[in-house]
Number of protein chains: 2
Amino acid sequence: MVALRPLQALRLWQQVCLAEVRDDMPDLTERQMAILLTVYLDPPPHTVRGLAEKLKVTKPVITRALDTMGAMKLLARHRDERDRRNVLIRRTVEGALFVERIGDVVVANAAELPL
Amino acid sequence: MVALRPLQALRLWQQVCLAEVRDDMPDLTERQMAILLTVYLDPPPHTVRGLAEKLKVTKPVITRALDTMGAMKLLARHRDERDRRNVLIRRTVEGALFVERIGDVVVANAAELPL
DNA sequence: TGCAATCGTTTCGGTTCCGTATCATTACGC
DNA sequence: GCGTAATGATACGGAACCGAAACGATTGCA
């Protein structure tokens, strides 16, 4: 449990967004970010259908996000050999580094919050 | 100063993104979010040029973001009467409510963080 | 008064994303 | 085997975004 006041929360959100925009990081949409973090934080396996349900979006949204982030090497697709209809979404080294960096940015900005 | 561990930070970021995606809120890009929060948190006046410098992006990026978020009534443009070349970006009631809601989501998710 | 500088907008070609609908592949019950 | 269900990918028209460059409007200085 982390105590955070509304103004602190907004300031934190602003600073992190500013940091990502200024550093010209891959400009992920909020949906892509939600997918990426879910894959890296929630226990596997992750499927297109599962992610679509979790985010309450349609499957093409997930497919396209995987196309984009796959090209960025942030995620990888693998066919499920036990049920070849499924596609399993797995982590990559590059993605892990990227996610880790986001966490560091949030932590750093949280530490510098006034009040 | 708010103490936050990396895993907590990532979990917080994920939960907030998930909440926004699931609730079908206006799907702002990270740039738009940075602009919106800056206008509402930093002291006025805000100009296109000033925001472009602060975010290290080009001016058309700001103009387009103002078009989009202006149509959503999240921000308003006003011509500066003292120097009519300038456009002042101002807050709106709808935008204030939207920003306030974001802060609440962050606070609520921070309060529920494990560990 | 004329001219250069400043400001925000617009245009251009190209890319990405959206939602809906449809498609190919695979699995499973009859 | 055959049809049905389920999964992920694709096609489509439309919308938004990008960076670079050009543009009109406004200012201020010579």
Side-chain angles (χ1 to χ4, degrees), chain A residues 17-18 20-36 38-39 44-91 98, chain B residues 17-18 20-36 38-39 44-91 98:
Chain A
C17 285
L18 279 178
E20 311 234 344
V21 170
R22 281 200 275 242
D23 287 6
D24 215 14
M25 306 240 303
D27 191 18
L28 302 184
T29 68
E30 206 153 26
R31 291 174 167 193
Q32 292 170 334
M33 185 68 76
I35 293 170
L36 186 71
T38 295
V39 170
H46 300 284
T47 64
V48 173
R49 175 160 197 79
L51 290 171
E53 283 173 356
K54 182 155 224 160
L55 273 71
K56 287 188 185 163
V57 296
T58 59
K59 287 189 294 177
V61 169
I62 305 295
T63 294
R64 278 188 295 255
L66 295 182
D67 290 343
T68 303
M69 292 193 288
M72 297 176 183
K73 310 273 190 192
L74 297 180
L75 289 171
R77 271 191 266 228
H78 294 274
R79 184 65 66 175
D80 183 356
E81 289 304 331
R82 302 195 313 150
D83 182 343
R84 296 185 50 77
R85 288 175 301 183
N86 288 335
V87 164
L88 303 178
I89 295 98
R90 299 221 290 252
R91 308 167 189 172
F98 180 75
Chain B
C17 284
L18 278 178
E20 311 234 345
V21 170
R22 281 201 275 242
D23 288 6
D24 214 15
M25 306 239 304
D27 191 19
L28 302 184
T29 68
E30 206 155 25
R31 291 173 167 194
Q32 292 171 335
M33 184 68 75
I35 293 170
L36 186 71
T38 295
V39 169
H46 300 285
T47 64
V48 173
R49 175 161 197 79
L51 290 170
E53 283 173 357
K54 182 156 223 159
L55 273 71
K56 286 189 186 165
V57 297
T58 59
K59 288 188 294 176
V61 168
I62 305 295
T63 294
R64 278 187 293 256
L66 295 181
D67 289 343
T68 303
M69 293 193 288
M72 297 175 183
K73 310 275 189 191
L74 297 179
L75 289 172
R77 270 192 267 228
H78 294 273
R79 183 64 66 174
D80 182 355
E81 290 304 330
R82 301 195 312 150
D83 182 342
R84 294 185 51 78
R85 286 174 302 184
N86 288 334
V87 163
L88 304 178
I89 296 99
R90 298 221 290 252
R91 308 166 188 172
F98 180 75

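Convention: sequence-line order gives letters A, B, ...; per-chain numbering from 1.
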| query | Between Glu53(A) (side chain) and Gly50(A) (backbone), is there a donor-acceptor pair under 3.5 Å? | reply | no

| Short side-chain N/O contact to dC17(C) OP1/OP2 from Thr68(A), under 4.0 Å | yes

| remark: With sugar-phosphate taken as primed atoms, P, OP1 and OP2 and all else as base, the protein-contact string of nucleotides 19-30 of chain D at under 4.0 Å (heavy atoms; B, S, -) is BBB----BS---

| Would you say a side-chain N or O of Gln32(B) is under 4.0 Å from OP1 or OP2 of dC17(D)? | yes

| query | Between the side chain of Glu20(A) and the main-chain N/O of Cys17(A), is any donor-acceptor distance below 3.5 Å? | reply | no

| query | In this structure, which one of Val57(B), Ile62(B), Val61(B) forms a side chain to side chain contact (heavy atoms under 4.5 Å, CB included) with Leu51(B)? | reply | Ile62(B)

| remark: Separation of dA9(D) atom P from Ile89(A) atom CD1, nearest Å, is 8 Å

| query | Distance check: side-chain N/O of Asn86(A) vs OP1/OP2 of dT26(C), anything under 4.0 Å? | reply | no

| remark: Taken to the nearest whole Å, CD/Glu53(A) to P/dG8(D) is 10 Å

| Base, sugar-phosphate, or nothing for Thr47(A), non-hydrogen atoms under 4.0 angstrom? | sugar-phosphate

| Candidate list Arg79(B), His78(B), Arg84(B), test side chain to side chain donor-acceptor pair (under 3.5 Å), partner Glu81(B), passing option | Arg84(B)

| message | Does dA9(D) have OP1 or OP2 under 4.0 Å away from a side-chain N or O of Thr63(A)? | response | yes

| task | Check the distance between dA16(D)'s C1' and Leu66(B)'s CG and give it to me in whole angstrom. | result | 15 Å

| message | Donor-acceptor check, side chain of Arg91(B) to backbone of Val39(B), threshold 3.5 angstrom: yes or no? | response | yes

| So, Arg90(B) side chain and Pro45(B) main chain: donor-acceptor pair closer than 3.5 Å or not? | no

